[in-house]
Number of protein chains: 2
Amino acid sequence: MTSSAARSVPPPTDLGEAMARIRADGGRITDAKRAVAELLFATDRALNADEITTAVHGIERSVLYRCLAQFEVLGIVEHIHLGHGAAVYRRRGLPTVPVACMVCGSAWEIGANETQSLRDTVLERTGVTLDLIHFPLTGRCESCQEAS
Amino acid sequence: MTSSAARSVPPPTDLGEAMARIRADGGRITDAKRAVAELLFATDRALNADEITTAVHGIERSVLYRCLAQFEVLGIVEHIHLGHGAAVYRRRGLPTVPVACMVCGSAWEIGANETQSLRDTVLERTGVTLDLIHFPLTGRCESCQEAS
DNA sequence: TTCTTTGCAAAATGTTTGCAGATAC
DNA sequence: GTATCTGCAAACATTTTGCAAAGAA
């Protein structure tokens with residue numbers, strides 16, 4: 001495996017392209033990888049390691065993390081820290097960014113295009129090209145805001 | 001200690017007001033609390049537990065975390081997860097939000113006022129009132145962007 | 001056949017908790 | 001005097017690592 005550049009590569013358009021990318025990098029297609037990839041390509045929801053482990057019927061934890069790490073390096077998946085707990089994983093290329101309430105933990109998504117003006121501002125001020133994926137946009141949801 | 005509402009309370013304007021707030025809540029002013037609070041009020045930089053421990057000359061780790069937790073409940077400090085490592089803590093009321101490069105870990109700040117249009121959009125779309133403090137705005141800095 | 005992957009156990013990290021004795025007020 | 005705080009040790013949750021055996025191409 002020739003660990004490559006991750007986020008610079010475009011996301012794969014489908015499961016087949018994802019598998020091909022693993023092969024092209026010298027990786028092998030195993031039951032574990034196929035199952036995890038199929039799961040993540042079958043939904044737009046971001047899943048945590050527990051959820052994936054359950055869905056993939058008892059894949060070993062370290063194996064799961066290693067598959068996900070490989071997928072991330074290859075630009076196939078990305079992970080998000082929604083809050084203080086476990087990270088969640090989703091396939092790359094989804095056009096939304098996460099929004100989370102830091103009080104109750106509820107999560108939403110908004111279109112990445114809606115963040116354009118902030119991205120312009122931050123690029124100008126800091127040189128940072130935002131992706132807004134690794135961590136959610138954080139605040140308080142309506143009910144938690146009222147409750148305070 | 002009558003654990004109160006945290007983020008809803010305005011930040012204390014200075015160290016004295018912070019100490020008064022602890023007292024008012026039934027807390028005691030100890031050497032540890034005074035030292036940690038003085039440190040955080042003496043700088044605008046967000047510090048992690050290691051840095052605070054060093055600066056406060058060997059305060060016990062669990063005591064430090066308990067002080068910080070109490071300060072957060074009282075609206076005196078806030079913590080930020082800049083990346084995958086330890087959280088950083090700063091006094092509340094600073095008018096900036098963190099921006100971080102997820103590749104190299106470098107961090108910047110931008111004025112909270114510069115995020116107004118995003119805050120309007122997210123409030124309208126999701127009902128979430130953003131604070132953008134708990135997690136940084138994430139992306140790739142200029143050099144990491146070029147390197148990819 | 002060769003290099004990658006698995007499965008298990010153990011480590012690492014950062015933070016939290018339980019508890020007995022010390023301390024603030 | 002009494003509730004809060006400290007200091008220590010142990011637990012905790014999530015993720016990472018080392019290694020020998022199994023598996024993919």
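Here is how names work: the chains are called A, B, and so on, in the same order as the sequence lines, proteins then strands, and each is numbered from 1.
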Quiz item: Tell me: CZ of Phe71(B) to C1' of dT4(D), nearest whole Å?
Solution: 14 Å

Self-check item: Nearest heavy-atom neighbours spanning Cys101(B) and Cys141(B)
Solution: SG-N, 3.3 Å

Quiz item: Quick one: is dC5(D) close enough that its OP1 or OP2 comes under 4.0 Å of any side-chain N or O from Gln70(B)?
Solution: yes

Self-check item: Between P of dT4(D) and CG of Asp25(B), the distance in whole Å
Solution: 10 Å

Practice problem: Report the nucleotide, chosen from dG18(C), dA25(D), dG7(C), that has the shortest atom-to-atom distance to any side-chain atom of Arg66(B). | Solution: dG18(C)

Exercise. Round to a whole Å and report the spacing from CD1 of Ile22(A) to P of dG23(D).
Key: 19 Å

Quiz item: Within the structure, does a side-chain N or O atom of Thr30(B) lie under 4.0 Å from either OP1 or OP2 of dT4(D)?
Solution: no

Quiz item: Is any side-chain N or O of Ser62(A) closer than 4.0 Å to OP1 or OP2 of dT17(D)?
Solution: no

Exercise. Would you indicate which nucleotide in dT15(C), dT15(D), dG7(D) comes nearest to any side-chain atom of Ala49(A)?
Key: dT15(D)

Quiz item: Is Arg34(B) salt-bridged to Glu38(B), cutoff N-O under 4.0 Å?
Solution: no

Self-check item: Side chain of Arg28(A) (C-beta onward), nearest among dG14(C), dT4(D), dT5(C)
Solution: dT5(C)

Exercise. In whole angstrom, give the distance that lies between atom CZ of Arg23(B) and atom P of dT4(D).
Key: 14 Å

Quiz item: What is the minimum heavy-atom distance between His79(B) and Glu72(B), and which atoms define it?
Solution: ND1-OE2, 2.7 Å

Quiz item: Charged N to carboxylate O below 4.0 Å: is that the case for Arg91(B) and Asp44(B)?
Solution: yes

Quiz item: Nearest-Å distance, CG (Leu68(A)) to C1' (dT15(D))?
Solution: 11 Å

Quiz item: Once you round it to whole Å, what is the distance between C1' of dC25(C) and CG of Asp31(B)?
Solution: 14 Å

Quiz item: Has Tyr65(B) got a side-chain N or O lying under 4.0 Å from the OP1 or OP2 atom of dT15(C)?
Solution: yes

Self-check item: Integer-rounded Å distance: dA10(D) P and Glu60(B) CD
Solution: 13 Å

Quiz item: How close or far is atom C1' of dT16(C) from atom CG of Leu64(B), stated in whole angstroms?
Solution: 13 Å

Practice problem: Determine the contact category for Ala32(B): base if any of its heavy atoms lies under 4.0 Å from a base atom, sugar-phosphate if only primed atoms, P, OP1 or OP2 are that close, otherwise nothing. | Solution: sugar-phosphate

Quiz item: His134(A) vs His84(B) aromatic rings, parallel, tilted or perpendicular, using cut-offs 30° and 60°?
Solution: tilted

